[in-house]
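Accompanying notes for the structure given below.
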Amino acid sequence: MGFYVRFSSSVDARQVFGEMTKRSLYQWNTLLKSLSRDKQWEDVLCQFGQMVRDEEKPDNFTIPVALKACGELREVKFGEMIHGFVKKDVTFGSDLYVGSSLIYMYVKCGRMAEALRTFDELEKPDLVTWSSMVSGFEKNGSPFQAVEFFRRMAMASDVCPDRVSLITLVSACTKLSNSRLGRCVHGFVMRRGFSNDLSLVNSLLNCYAKSRAFKEAVNLFKMMVEKDVISWSTVIACYVQNGAASEAFRVFSEMMDNGTEPNAATMLSVLQACAAAHDLEQGRKTHELAIRKGLETEVKVSTALVDMYMKCFSPEEAYAVFSRMPKKDVVSWVALISGFTFNGMAHRSIEEFSMMLQEDKTRPDAILMVKVLGSCSELGFLEQAECFHSYVIKFGFYSNPFIGASLVELYSRCGSLGNASTVFNEITSKDTVVWTSLITGYGIHGKGTEALETFNRMVTSSGVKPNEVTFLSILSACSHTGLIHEGLRIFELMVNDYRLVPNSEHYAVLVDLLGRVGELDAAIEIIKRMPFSPTPQILGTLLGACRIHQNGEMAETVAKKLFELESYHAGYYMLMSNMYGVKGEWENVEKLRNSVKKRGIKKGVAESLIEIRRKVHRFVADDDLHPNKEPVYGLLKELDLHIKDLENSAYLESEVDSL
DNA sequence: GTTTCCTAGA
């Protein structure tokens, strides 16, 4: 029977085939090809199964299609069966299409050992099979081996790198965050005349963008004659990651003017820019655009929307988007749960997590667990912490170093340093983060000696190097315990021995350290010698020190500078106001208070949480909640003037249900 | 008639 139909879609194909009684091998292959083109992977495997049951023997056109489906569905068992079938028939042995499809299937299923064995069994690998291996290493978290494999391939005399293998190589350079290597490949690309290949240039652009070669990325983008939506999106993401949200917006509008249609990835980057800038208005506009372009319902876009609204301090809008989502994945839940905690609503995070387990049946992954442990840590709810701890063990997350560090932090925040150090001791491979968590734990509980002891153990006998965060923790532990000399010694150690560059936070702690013991002049000397101008945080710390040591003159100078820099932080106004209050300068207090009111500055809500009989009770301290209350400064004469105490002067209790 | 590649939540 002469039979030939060009199918417009797989639906037509199945209709036609449904009516036929006996199919030829060619017809089977046409059907499978058509289904695979429409990414109907389940159907591909179903029909493949049917084909085998009909005793039609798959050939070297059928096998790659079926293997591709196995890879996409991560059906390694099915894939292995096909591999067994292939092995039995010698005619497949030398077929490179079959070979590369087998490698692809193992790669997709994360089985690099099997992929490598399959590759080694090939008589004469070609460019595609070599590239599949390079790609496999790159995709499965071994970018170094990917580069190594590429090198082996380039040395084999019979294959010559093409555009696809170069794109894969550049991806590996990106994962290694190695722009120098990227630059070498870039040179090779130019010499080989590939410089007009858009995908290849895009991958180079992305490599520069992701490996801290900001200038190179921007230059390359400017030089590009042809740009597509990927080029634009990559460069927008690059600006966002380098903290230049406004530039990102600028490039985005340029892209729109240019007539390039944004896609889901573009929206992700723009929404990230809105989130980074906490720009709710821009975020809402972008949301509207996403709806107009029909991109709102894509899981990643709606997840980015949830994240954006959360970071723009609008948890209600975030939740509205979340509840409308037709499909949710773990990442969406991460955005929701971490978002609530970000907005000071950690109890909602825990509620949503339990909701997820009960109703959504989404399996948590390690990242989500880190977030949940973080939420619990905000609540300081020990009972709940112990529950999550057993959950972590039960679901096999215990070996993850991020989880280990989070548990250590969680127990210390709950005040259970014993449990924290037990967890710490049980972690087999302790990395910098894990060590730092324990040091931080001791630090926040004022156990400076233990923090120091742990720090010393880390630097002398662990083989793990402290990083900037570790130093920040140990410095602040010293500061809180008044270990001045030790703190200064550690600061020197950081700069001289470890060659780490202190940032503004390190300097703030150093200023705090000196300020606490009244070494105000030394603190000012440090500030003067810093390689950058003082941040509001540093000045705020100095102002706090001035208040403790009642140095009004210096306080006024500092405060003036501070208010120029950051006029929206109520805390500093309170500090200054308290200083005036102490000296009875009520006129100045009044003046300051009025300027606060005029600028619409609101003091943040202070909260305390305590655990009583397995329930967490929430205390919100906020005098703004009582409009008829007398002005706070009226009370100052009688009250002790600690700002902390002031913030805790009015309580409003609300109960947080334990889970 | 088939196989490998460029943007994306710690």
Side-chain angles (χ1 to χ4, degrees), chain A residues 6 25-26 29-30 32-34 36-37 58-68 71 95-105 107-108 115 119 125-136 138-139 150 153 159 161-172 174 197-207 209-210 228-238 240-241 262-272 275 298-301 303-304 306-307 329-339 365-371 373-374 400-403 405-406 433:
Chain A
R6 252 195 82 85
L25 176 62
Y26 177 75
N29 284 344
T30 315
L32 290 175
K33 176 85 211 302
S34 157
S36 136
R37 204 176 42 217
D59 69 354
N60 53 339
F61 294 114
T62 328
I63 298 292
V65 180
L67 284 171
K68 169 112 185 168
D95 192 301
L96 287 170
Y97 287 108
V98 172
S100 61
S101 305
L102 275 168
I103 293 172
Y104 177 82
M105 182 276 294
V107 161
K108 275 275 175 184
F119 178 85
D126 68 343
L127 182 58
V128 176
T129 35
W130 274 104
S131 309
S132 303
M133 285 308 296
V134 177
S135 162
E138 185 264 319
K139 290 268 178 324
F150 183 92
M153 175 183 91
V159 287
D162 68 340
R163 55 178 296 277
V164 178
S165 54
L166 285 167
I167 290 171
T168 316
L169 176 64
V170 176
S171 295
T174 310
D197 189 299
L198 189 53
S199 307
L200 188 43
V201 178
N202 279 344
S203 63
L204 282 164
L205 180 67
N206 185 46
C207 178
K210 295 286 148 58
D228 67 357
V229 63
I230 295 181
S231 335
W232 287 100
S233 306
T234 305
V235 95
I236 292 170
C238 176
V240 177
Q241 272 145 23
N263 66 11
T266 325
M267 301 312 295
L268 292 185
S269 296
V270 178
L271 287 169
Q272 276 175 12
E298 285 206 22
V299 183
K300 293 216 156 136
V301 175
T303 300
V306 172
D307 187 56
D329 60 11
V330 203
V331 188
S332 326
W333 284 100
V334 168
L336 186 79
I337 287 169
S338 62
D365 67 356
I367 298 177
L368 181 64
M369 282 316 293
V370 167
K371 295 290 180 191
L373 294 174
N400 184 307
F402 287 96
I403 298 266
S406 300
V433 185

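In what follows, every chain begins at residue 1, and chains take the letters A, B, ... in the order their sequences are listed.
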Would you mind telling me which of [options] lies closest to the side-chain atoms of [X]?
X	options	result
S132(A)	dA8(B), dT2(B), dT4(B)	dT4(B)
K33(A)	dG9(B), dT2(B), dA8(B)	dT2(B)
K68(A)	dG1(B), dC6(B), dT4(B)	dT4(B)
V334(A)	dG9(B), dT2(B), dC6(B)	dG9(B)

Does a side-chain N or O from [X] land closer than 4.0 Å to OP1 or OP2 of [N], or not?
X	N	answer
Q272(A)	dA8(B)	no
T303(A)	dG9(B)	no
K139(A)	dC6(B)	yes

Atom-to-atom span, [atom1] of [X] to [atom2] of [N] - whole angstrom:
X	N	atom1	atom2	result
D329(A)	dA8(B)	CG	C1'	11 Å
W232(A)	dA8(B)	CH2	P	17 Å
I103(A)	dC5(B)	CD1	P	12 Å
L102(A)	dT2(B)	CG	P	18 Å
L268(A)	dG9(B)	CG	P	7 Å
D307(A)	dA8(B)	CG	P	15 Å
N263(A)	dC6(B)	CG	P	15 Å
L96(A)	dG1(B)	CG	P	20 Å

Is the closest side-chain heavy-atom distance between [X] and [Y] below 4.5 Å?
X	Y	answer
N263(A)	S233(A)	yes
L198(A)	S231(A)	yes
L271(A)	D307(A)	no

Check DNA chain B against residues 161-170 of chain A and give the residues with a non-hydrogen atom under 4.0 Å, in numerical order.
-> R163(A), V164(A), I167(A), T168(A)

Categorize [X] for me: base, sugar-phosphate, or nothing, with a 4.0 angstrom heavy-atom threshold over every strand shown.
X	value
S171(A)	sugar-phosphate
N60(A)	base
K108(A)	nothing
V128(A)	base
D59(A)	nothing

Contacts of S131(A) meeting side-chain hydrogen bond (donor to acceptor under 3.5 Å, both in side chains) (sequence neighbours excluded), chain-then-number -> none

Results of side-chain contact (heavy atoms from CB on, under 4.5 Å) for [X] - residues two or more places apart only:
X	answer
S338(A)	V334(A), K371(A)
T62(A)	L25(A), N29(A), L32(A), F48(A), M51(A), P58(A), D59(A)
D162(A)	L127(A), V164(A), S165(A)
K108(A)	E72(A), R74(A), Y104(A)

Can F61(A) be said to stack with the base of dT2(B), given centres closer than 5.5 angstrom and planes under 30 degrees apart?
-> no

Do S100(A) side-chain and dT3(B) base share a donor-acceptor contact under 3.5 Å?
-> yes

